[in-house]
Each structure stands twice: as C-alpha cells, then as structure tokens.
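For reference, the structure is listed below as structure tokens.
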Protein chains: 2
Amino acid sequence: MSEGVEWAMHSCLNLSWAEPGEAVTARRLAAFYDLPPAYLNKQLQALARAGILSSVSGPRGGFRLNRAPEQISLLDIVVAIEGPEDAFRCEQLLRKGPGGSDDVDYRAHCVISQEMRAAELEWRRALAGRTLADVRATVETRFPHTPEATRDRFVNAPT
Amino acid sequence: MSEGVEWAMHSCLNLSWAEPGEAVTARRLAAFYDLPPAYLNKQLQALARAGILSSVSGPRGGFRLNRAPEQISLLDIVVAIEGPEDAFRCEQLLRKGPGGSDDVDYRAHCVISQEMRAAELEWRRALAGRTLADVRATVETRFPHTPEATRDRFVNAPT
DNA sequence: TTATCTTGGACATGTAATATCCAGAATATG
DNA sequence: CATATTCTGGATATTACATGTCCAAGATAA
C-alpha cells in the first residue's frame with residue numbers, strides 16, 4: 001500500500017479539527033509531518049476528486065472536509081488514494097491451463113480468485129465500518145490536548 | 001500484491017493432485033500456465049523455505065507438498081511469498097507532529113495505525129480459515145475432471 | 001493589481017517486482 | 001564411476017510504479 005494513504009488519513013484527521021469553514025493549505029498540512037508539499041498536494045487533489053475534501057483556490061484557500069467526519073469511512077480514504085482495484089489481481093492463469101477457454105472470465109469463476117476476493121471483502125468491511133469520527137473520538141479520549149494543539153499548528157505553522 | 005502469490009496458489013493446488021510421493025519440477029509447473037520457469041522456481045523456493053513444499057535435487061527431483069492440504073492455509077502461502085509485514089506500513093508520522101516524541105513507538109500507539117492493523121487482521125483471519133483442502137474440494141465439486149487433467153499434464157507436459 | 005493557492009501536466013528519481021543467467025551442489029540412473 | 005537432471009543461491013538486467021519536483025495556467029481574496 002502506498003504511503004499516500006497514511007498521509008491522507010492523518011491530513012483528513014487534522015482537517016477534522018480545523019475551525020468550521022476554515023481552509024488549510026497543502027503547505028500547512030505538509031508542515032505537520034515535514035512532508036513534501038507538492039506531493040502531498042497530489043494526494044489531497046485525489047481526495048478532492050473523490051468528494052472527501054473540497055478545495056478553494058487563491059488566498060485564504062486550501063482544503064477542508066467536504067462531509068461530516070461521521071460520513072467519511074476509512075475505506076473512502078483508502079479507495080480515493082489507492083483506487084478501487086483489489087490488491088490481489090487475478091491474471092486468469094487458468095486460461096492457459098488444461099481445458100482453459102478464452103471465453104470464460106476466470107476472475108469470476110476461478111476458486112482461488114474467489115477466496116482471495118472474499119478475504120479482501122472482509123478487509124473492506126472492517127474499513128467501511130470505521131469513520132473519521134470514530135478515529136477522532138478515540139484520539140480525543142486518549143489525548144485530550146490534540147484538537148487544541150492541532151488548531152494551534154494550523155494558525156502558527158512553521159516555515 | 002505480487003503476482004507470485006497467484007502462481008504459488010495455483011502451483012500448490014496443482015501439486016495437491018500429484019501422485020503421492022511424486023515430485024514435480026519447476027519446469028513442469030511453469031508449463032501449466034506458460035510462466036517463466038526460472039522465476040517461478042524462485043517462488044517455489046520461498047514456499048520450500050516456509051516449509052510448505054519440500055524440494056528434491058537431481059533427476060526425478062522437483063517439489064512436492066510438505067504437509068497435508070488440510071494443514072496449509074491460504075495465509076501460509078501468502079506470507080511465504082509476500083512476507084509477514086502488513087500492507088499498511090506506519091511511518092510514524094506523529095513523531096514529527098506536534099508533541100511527537102522519539103521515545104514513543106507510534107506503530108503501537110497511533111490510532112490510525114491501529115485501525116489499519118485491525119482491518120488487515122480481518123483479512124488474515126479470513127485467509128487463515130481457508131485451507132488448500134477447502135479450495136481443492138470446491139474445485140473438484142465444480143469441475144470433477146480437474147484432478148485427472150492435472151495429473152495428465154504432469155506426465156505429458158508440453159516442451 | 002498583486003500575491004496566494006489550487007490544478008494538472010511534464011519530467012526526474014528511486015525502489016521494488018519481474019525476469020534471466022550461471023556456477024555449484026545434490027542425486028537418480030546406467 | 002560417469003552423466004544427465006534438478007534444485008540453490010547469487011549476480012545482474014529490465015520494467016513498472018511510487019515518489020518527488022517543477023512549472024504554466026486558472027481562480028480568488030485583499
């Protein structure tokens with residue numbers, strides 16, 4: 001899995017602590033963890049294209065959450081960055097095996113492919129069942145100072 | 001996920017249909033699906049190192065299952081090829097964030113990391129609960145001619 | 001009008017997967 | 001014993017993709 005997923009998760013979480021209506025620039029979000037701003041910006045664009053973030057150009061512009069954190073699942077974020085394809089890609093080996101046919105879609109009929117897809121479905125189900133709001137609540141319970149510290153960073157960003 | 005997992009799955013399944021005690025060469029296993037023999041051999045070596053296959057050098061040598069199919073889970077095969085690491089690698093971004101400390105292992109404490117690990121655990125649990133014997137039984141039910149066709153390929157391999 | 005910020009494309013770099021080749025060790029067979 | 005077969009493991013090449021940078025153009029607040 002690409003590192004962009006981790007960046008996106010943390011950035012969305014940080015944005016969930018921004019003042020309502022406030023847009024945060026890619027530069028400030030990158031400064032949080034010393035990430036390359038231009039590259040993080042690419043991930044943020046992907047989140048915006050997926051409808052998770054909304055973007056605003058120009059001065060006082062930047063990114064903000066486009067939905068309530070309760071409406072953003074962790075799966076949404078993963079799919080926005082990684083795409084919708086399964087990690088296990090069935091190359092339809094059976095097509096070249098004994099009795100293999102060009103007319104059969106082995107992604108659907110190969111038993112191995114089915115088992116791997118079933119396992120990934122469990123993974124997706126777990127991620128779909130957890131929202132940004134869940135994560136935020138857990139963090140706030142364990143580290144109550146985090147919201148304030150985050151907003152402070154937004155206002156008083158280094159560099 | 002690397003394509004080697006798919007090759008390994010199909011090769012183990014094919015080996016489960018070999019005559020008891022018979023070793024099958026990497027060349028013949030590769031001929032099944034027109035795979036590059038030398039590269040498939042590398043994957044088979046990894047399976048052997050993991051104890052899933054046993055290997056025999058010399059004439060009449062090759063690979064065979066080292067355990068009963070009931071004792072080989074799909075997770076075993078995936079781990080043998082892909083390694084034990086999670087797909088989501090926590091880079092401990094929080095270390096550089098506000099209040100981050102070099103003395104904390106954020107792979108354990110970061111809530112995002114925990115959520116991602118929990119999801120992968122569900123994936124692993126699904127794979128661990130399915131064995132090569134399960135897959136073989138399903139295939140034999142749906143395609144009863146497969147065992148015979150596979151053994152025939154072993155004996156009468158092209159090239 | 002100017003400075004800020006996103007957008008998207010082009011391009012460079014680095015790294016891992018994929019693939020090939022070879023020398024050496026093991027071993028069945030005659 | 002001699003030979004052919006096959007695995008073992010390292011070296012190396014190739015390719016694909018992730019990572020990262022840069023720039024011109026468009027949008028917009030002040």
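Throughout, protein chains are lettered first and strands after them, A, B, ... in sequence-line order, and every chain is numbered starting at 1. All figures in this text were calculated on a predicted structure; none of them were measured in a lab.
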- Each nucleotide of nucleotides 5-19 of chain D classed B (base within 4.0 Å of a protein heavy atom), S (only sugar-phosphate) or -, in 5' to 3' order, makes BBSBBBB------SB

- Query: So among Val135(B), Val78(B), Ile81(B), which one has a side-chain contact (heavy atoms from CB on, under 4.5 Å) with Met9(B)?
  - Reply: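 The passing option is Val78(B).
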
- Write down the atom of Glu91(B), the atom of Glu3(A), and the distance for their closest heavy-atom approach.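 Glu91(B) and Glu3(A) have their closest heavy atoms at CG-OE2, 3.3 Å.
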
- Query: Where do Lys96(B) and Arg153(A) come nearest, in terms of heavy atoms and distance?
  - Reply: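 Looking at all heavy atoms of both residues, the closest pair is O-NH2, 3.8 Å.
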
- Task: Report the residues that fulfil ring pair (Phe, Tyr, Trp, His ring centres under 6.0 Å) with Phe32(A), sequence neighbours left out, ordered by chain and then residue number.
- Result: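 If we apply the ring pair (Phe, Tyr, Trp, His ring centres under 6.0 Å) test to Phe32(A), skipping adjacent residues, the hits are Phe154(A).
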
Side-chain donor-acceptor pairs under 3.5 Å in residues 33-53 of chain B, sequence neighbours left out?
residue  : atom : partner  : partner atom : Å
Tyr33(B) : OH   : Asn14(B) : ND2          : 3.1

- Item | Between dT18(C) (P) and Tyr33(B) (OH): distance, integer Å |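 In whole Å, dT18(C) P and Tyr33(B) OH are 18 Å from each other.
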
